[in-house]
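Data block below; observations after.
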Number of protein chains: 2
Amino acid sequence: MNKSKTKFVILGLLSEEALTGYEIKKIVDMRFGFFWNESYGQLYPELKRLAQKELISASKPKEGSARGKTRYFITQKGISALEIWLSEPVETESVRLEILLKMYFSNGIKPEIMKKHITEFSISHQKQLDMLNMFQQQLLSVEDLHSNHGDILSVIDFGQKVYKAYIDWCEETTIYLESRDEK
Amino acid sequence: MNKSKTKFVILGLLSEEALTGYEIKKIVDMRFGFFWNESYGQLYPELKRLAQKELISASKPKEGSARGKTRYFITQKGISALEIWLSEPVETESVRLEILLKMYFSNGIKPEIMKKHITEFSISHQKQLDMLNMFQQQLLSVEDLHSNHGDILSVIDFGQKVYKAYIDWCEETTIYLESRDEK
DNA sequence: CGGCGCATGTAACTTGTTACATGATTCC
DNA sequence: GGAATCATGTAACAAGTTACATGCGCCG
């Protein structure tokens, strides 16, 4: 049983270009931030395991130095493993939204508290939405006949749609809480 | 450091009515399914810990029997703990959507495969949306001047908005993949 | 040469899932 | 009495986070 997806994050990114563990982490944080995350504690051990299983290969430059950048490349075996995973059914995601838990139980507390939580939730997602919009613009401006960013733009579009839904809900719910407030 | 929220799920539900561990699990599965989940492996030990800390109290009927239903009640101490948590800032959620990971890396595979994934994703969320709609109707029909389901209806509304966004994205992305297909 | 960002790594820990064992109750 | 479902519980495992240790390389 290997349920962790870290493996495929690595293989997927390496299928585009050779990277170090540090670079993988940076890309996941910046590009996947709104739908995925990985920690060093998962990444580095997994890189070693994948190298050992020859799904990726390591290039260790600077002979003789104790530590140095290790850049990883995907192997043919790794590409196959990635393709197999891509073809397998998507596993149902498990989301945990603390804000809904609090909303569900908020009967006992003052509406202003919940209103504040929702305002903060809205602001933080508005920020993330702004970042997605910027990233989208960036990709669109670079686009030409040869580059194919379609898939990435689709992923961004998902985030935009969902975050808009979040923000709409926040607005609506704030109004509801204000009406409850008046009682 | 106690980051687990299981504790508050229990306290929140017990603040409405006394329940057994089994009943809590059922409620979480049915009512919170779209934004939360708990397993017995978390629930039962946590119930014991909370009872030991006197945030809840257990009623063990049927003296002399090896096993029997244990119904739990929230205590004043438990109510306070719940209220404190409700007032604390909401922690930023971490979502993991495998479908976006696959979409991001789908360049290498045939568009039909991704299209199939998206169709399945759409169908399963349409089903969940139908269930939310039903639950909403149920609550609205029962509603009278005395019952206050507003907070629960807000939570349902969140699910409806987000799932609609999911399904919209699926439609749009299917069309995009079909256009890519034609090349 | 001091600080900062790049870079790798891991040990200790917490969190969460799964599979299984067991008993109680209900309904046919 | 047998099947299904209600109900409790836990051991073994898998997954994921955090905090820390270490060293490199560049810039002012």
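What you see below is based on every heavy atom in this structure, not just the backbone, and it leaves out hydrogens, waters and symmetry mates. Convention: sequence-line order gives letters A, B, ...; per-chain numbering from 1.
- Nucleotide dT15(C) holds its P atom 15 Å from the CG atom of L43(B), rounded to whole Å.
- In terms of the ring-ring contact (aromatic ring centres under 6.0 Å, His included) criterion, residue partners of Y163(B) (sequence neighbours excluded) are, by chain and number, H125(B), Y166(B).
- Between R71(A) atom CZ and dA7(C) atom P the separation is 8 Å, expressed in whole Å.
- The side chain of S4(B) contributes an N or O atom lying less than 4.0 Å from OP1 or OP2 of dG16(C).
- Between D29(A) atom CG and dT17(D) atom P the separation is 11 Å, expressed in whole Å.
- Side-chain polar atoms of Q42(B) and S39(B) form a donor-acceptor pair below 3.5 angstrom.
- Ranking dT10(D), dT15(C), dA7(C) by closeness to the N2(B) side chain, first place goes to dT15(C).
- Between D157(A) and K161(A) there is a salt bridge, since at least one side-chain N of the basic residue sits less than 4.0 Å from a carboxylate O of the acidic one.
- Atoms CD (E23(A)) and P (dT8(C)) sit 8 Å apart, rounded to a whole Å.
- Of the side-chain N and O atoms in Q42(B), none sit less than 4.0 angstrom from OP1 or OP2 of dT15(C).
- Salt bridge K25(B)/D29(B): present, at least one basic N to carboxylate O contact under 4.0 Å.
- OP1 and OP2 of dC6(C) both lie 4.0 Å or more from every side-chain N or O belonging to T20(A).
- In this structure, E112(A) and L177(A) have side chains that are not in contact, with every pair of non-hydrogen atoms separated by 4.5 Å or more.
- A donor-acceptor contact under 3.5 angstrom links the side chains of T6(A) and E38(A), judged on distance only.
- Of the side-chain N and O atoms in Y22(B), one or more sit less than 4.0 angstrom from OP1 or OP2 of dC6(D).
- Between the CD atom of E46(A) and the C1' atom of dT10(C) there is a distance of 15 Å, rounded to whole Å.
- The shortest distance between the side-chain N/O atoms of N37(B) and the OP1/OP2 oxygens of dG16(C) is not below 4.0 Å.
- Results of the salt bridge (charged side-chain N to carboxylate O under 4.0 Å, His left out) test with K115(A) over E178(A), E120(A), E171(A) single out E178(A) as the only residue that passes.
- At dT8(C), one or more side-chain N or O atoms of Y44(A) fall inside 4.0 Å of OP1 or OP2 (strictly under the cut-off).
- OP1 or OP2 of dT18(C) sits under 4.0 Å from a side-chain N or O of K3(A).
- At the phosphate of dT17(C), OP1 or OP2 sits under 4.0 Å from a side-chain N or O atom of S39(B).
- If you measure from atom OH of Y72(A) to atom P of dA7(C), you get 14 Å, rounded to the nearest angstrom.
- Residues of residues 86-105 of chain B having a heavy atom closer than 4.0 Å to DNA chain C: none are found.
- In this structure, K26(B) and G41(B) both approach DNA chain D, and ranking their closest nucleotides by distance from the 5' end singles out K26(B).
- Q137(B) and N133(B) are not linked by any side-chain donor-acceptor pair at a separation below 3.5 angstrom, with hydrogens and angles left out of the test.
- Spacing between atom CD of E38(A) and atom C1' of dT18(D) amounts to 15 Å, rounded to whole angstrom units.
- Distance NZ (K48(B)) to P (dT8(D)): 11 Å, rounded to an integer number of Å.
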